[in-house]
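The structure under discussion appears below in the form of structure tokens.
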Amino acid sequence: MPVSRSRRVTVERNDVSLLIDHIGELAVCDDTFTVLRHAAVLVEGDRIAWVGAAGNAPAADEYVDAAGRAVIPGFVDSHSHLVFAGDRSAEFAARMAGRPYSAGGIATTVDRVRNASDVELADNVARLVRQMYAQGTTTVEIKSGYGLTIDDEMRALRIAAGFTPETTYLGGHIVPPEADPDEYTALVAGPMLAACAPHAKWADVFCERGAFDVDQSRAILTAAAAAGLGLRVHGNQLGHGPGVQLAVELGAASVDHCTYLSDADIAALADGDTVATLLPGVEFSTRSPYPDAARLLAAGVTVALASDCNPGSCFSSSVPLMIALAVREMGMTVEQALWSATAGGARALRRDDIGSITVGRRADLVVLDAPSYVHLAYRPGVPLIDQVFRGGIREWAGLSHLSVIRVTYLNMSP
Ligand code: NIG
Ligand code: FE
């Protein structure tokens, strides 16, 4: 039966087939960045079933007319710290007035988290995840790391698991003020890990001066790997250090920040299997030098882009902002930045079912209110997310779908 163009769309379910038609520009983001023009995508169940030229599109039960807009994969935000309470806007304001960023502010949030109820923490995560959907993110990784006791880390992970399978145990975020560094490291690598591992897919350590040194980081990460967790590392954020080399040595899926890199760090990343995840919102919000993405890409390193949404170093959940910063400040082309925020994020999470618009992948798609994906960097700060599909279900419809907003055309009457 031919597609009925006038049929009313009920895209809040995925037990019917759905054709997204008249796509002006389709960013596929497979192994390389490719674009199809005048394209269509067929979704069956929660998967992409067909991708091709609009004129050859198969019939479907339901139909969305993209009307020449661009469609991109849903963003894969592979790094966030959403389980927190409290507000650190004063710390941000102080930084903008000239005070440097130090990891010390983390302790402020730890104090607030320990005193927050489960409901308060879960409500905050829900609010932030909603904001992420509204900005095109369809997969998010969420870390613990603001509890730093066995019970508080465990409940942070339980709460995170209510929102995503990509949960990361970050007991090794900082040494809490009340603890001795070596005793705390043994706790993180021992009883805390044992309690948290059932609720986590990944383990992460902040390997940086002021947090955990290389031996402490290695002890935590090797114990986590032995407990069956995949590895991630916060490294080389505030200065040169051993984080990148350690991550590659241990086969971590990703090393994140990578702001200060030596030639040896770049060579290790190029030879290894670890994705370099760049978080330019942190440099923006801490007024720090940006990582040199062009240098990484020239060496053949796989680069991901993520938000690092957290209350301290970057309280932005906007992947479009990260793309704009990567293009404007880090030497990436728009194509490289978009690939890194989708397919690159999927690789940083070792996922092959998301991050690209190809047959068999999960139907995570974003319709932009723009004719080209280039607008993501060209129009920074503008709400360009028109519709967000996750697993074939429409999770978000943007401004053009809001009937309550009425635009009055002033001075246009004859
Ligand atoms: O990724 N680097 C360490 N952790 C976070 C910062 C958390 C905070 O400041 O609260 C980050 O930047
Ligand atoms: Fe982080």
Side-chain angles (χ1 to χ4, degrees), residues 77-96 99-114 116 121 124 128 140-148 152-153 156 160 166-177 188 202-213 216-217 220 231-239 241 243-244 247 252-260 275-291 304-317 319 322 325 345 348-349:
D77 190 347
S78 59
H79 185 140
S80 84
H81 307 246
L82 304 187
V83 191
F84 68 85
D87 179 80
R88 283 162 60 191
S89 53
E91 183 187 311
F92 174 80
R95 266 202 312 273
M96 294 305 109
R99 285 207 19 212
Y101 174 74
S102 84
I106 296 170
T108 318
T109 304
V110 170
D111 187 51
R112 290 300 309 269
V113 165
R114 289 177 179 174
L121 293 174
N124 192 44
L128 296 169
V140 60
E141 177 265 16
I142 303 178
K143 302 176 198 298
S144 67
Y146 289 120
L148 310 186
D152 287 310
E153 285 297 298
E166 304 297 341
T167 54
T168 300
Y169 166 55
L170 184 59
H173 198 183
I174 55 162
V175 179
V188 173
W202 304 98
D204 193 344
V205 173
F206 189 14
C207 180
E208 194 88 36
R209 205 170 321 128
F212 294 86
D213 69 21
Q216 294 165 331
S217 301
I220 293 168
L231 304 183
R232 331 186 62 76
V233 176
H234 278 71
N236 303 56
Q237 173 188 359
L238 303 173
V244 165
S254 179
V255 56
D256 300 36
H257 287 286
C258 296
T259 310
Y260 293 89
V275 172
T277 299
L278 308 183
L279 310 164
V282 172
E283 281 72 40
F284 177 81
S285 301
T286 59
R287 199 176 270 147
S288 303
Y290 288 89
L305 270 181
S307 72
D308 198 8
C309 182
N310 75 77
S313 64
C314 174
F315 196 13
S316 173
S317 51
V319 173
M322 305 313 146
L325 291 173
L349 294 173

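One-based numbering, in listed order, for ligands and for the atoms of each.
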Go through the steps for Cys258 and Leu278 under the test side chain to side chain contact (heavy atoms under 4.5 Å, CB included), then give the verdict. CA-CA 6 Å; Cys258 296; Leu278 308 183; 3.8 Å; yes
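Taking the six-membered ring where the residue is Trp, His173 and His234 present tilted rings, their angle falling between 30° and 60°.
Residue Ser254 forms a side chain to side chain contact (heavy atoms under 4.5 Å, CB included) with just one option from Asp204, Thr277, Val233, and that option is Thr277.
The closest approach between a heavy atom of His257 and any atom of ligand 1 is below 4.0 Å.
Under 4.0 angstrom from ligand 1, the non-hydrogen atoms of His173 all belong to its side chain.
Residue Gly312 has at least one heavy-atom neighbour below 4.0 Å for each of these atoms of ligand 1: 8 (C), 9 (O), 10 (O). Residue Arg88 approaches ligand 1 through these ligand atoms, each under 4.0 Å from one of its heavy atoms: 8 (C), 9 (O), 10 (O). If you number the atoms of ligand 1 from 1 as listed, the ones under 4.0 Å from a heavy atom of Tyr146 come out as 7 (C), 8 (C), 10 (O). Set against the non-hydrogen atoms of His79, the atoms of ligand 1 under 4.0 Å away are 1 (O).
For ligand 1, the polar-atom distance check finds no N/O of Thr109 at less than 3.5 Å from any of the ligand's N/O atoms.
When the N, O or S atoms of His79 are ranked by distance to the Fe ion (ligand 2), NE2 comes first. Of all N/O/S atoms in Asp308, OD1 sits nearest the Fe ion (ligand 2).
The option with the heavy atom closest to atom 1 (O) of ligand 1, from among Asp308, Thr286, Asn310, is Asp308.
Although no hydrogens or angles enter the test, the distance criterion places no donor-acceptor pair under 3.5 Å between the side chain of Thr168 and the main chain of Ala203.
Under 3.5 Å, the side chains of His257 and Asn236 contain no donor-acceptor pair of N or O atoms.
Not a single N, O or S atom of His257, from either the backbone or the side chain, sits less than 2.8 Å from the Fe ion (ligand 2). Using a cut-off of 2.8 Å, one finds that Asp256 contributes no N/O/S atom close to the Fe ion (ligand 2).
Inter-residue side-chain proximity for Thr109 and His81 is flagged as unmet; no heavy-atom pair is nearer than 4.5 Å. Side chains of Ser285 and Phe315 form no contact here, defined as non-hydrogen atoms less than 4.5 Å apart.
Pro291 and Thr259 get closest at one heavy-atom pair: CB-CA, 3.9 Å.
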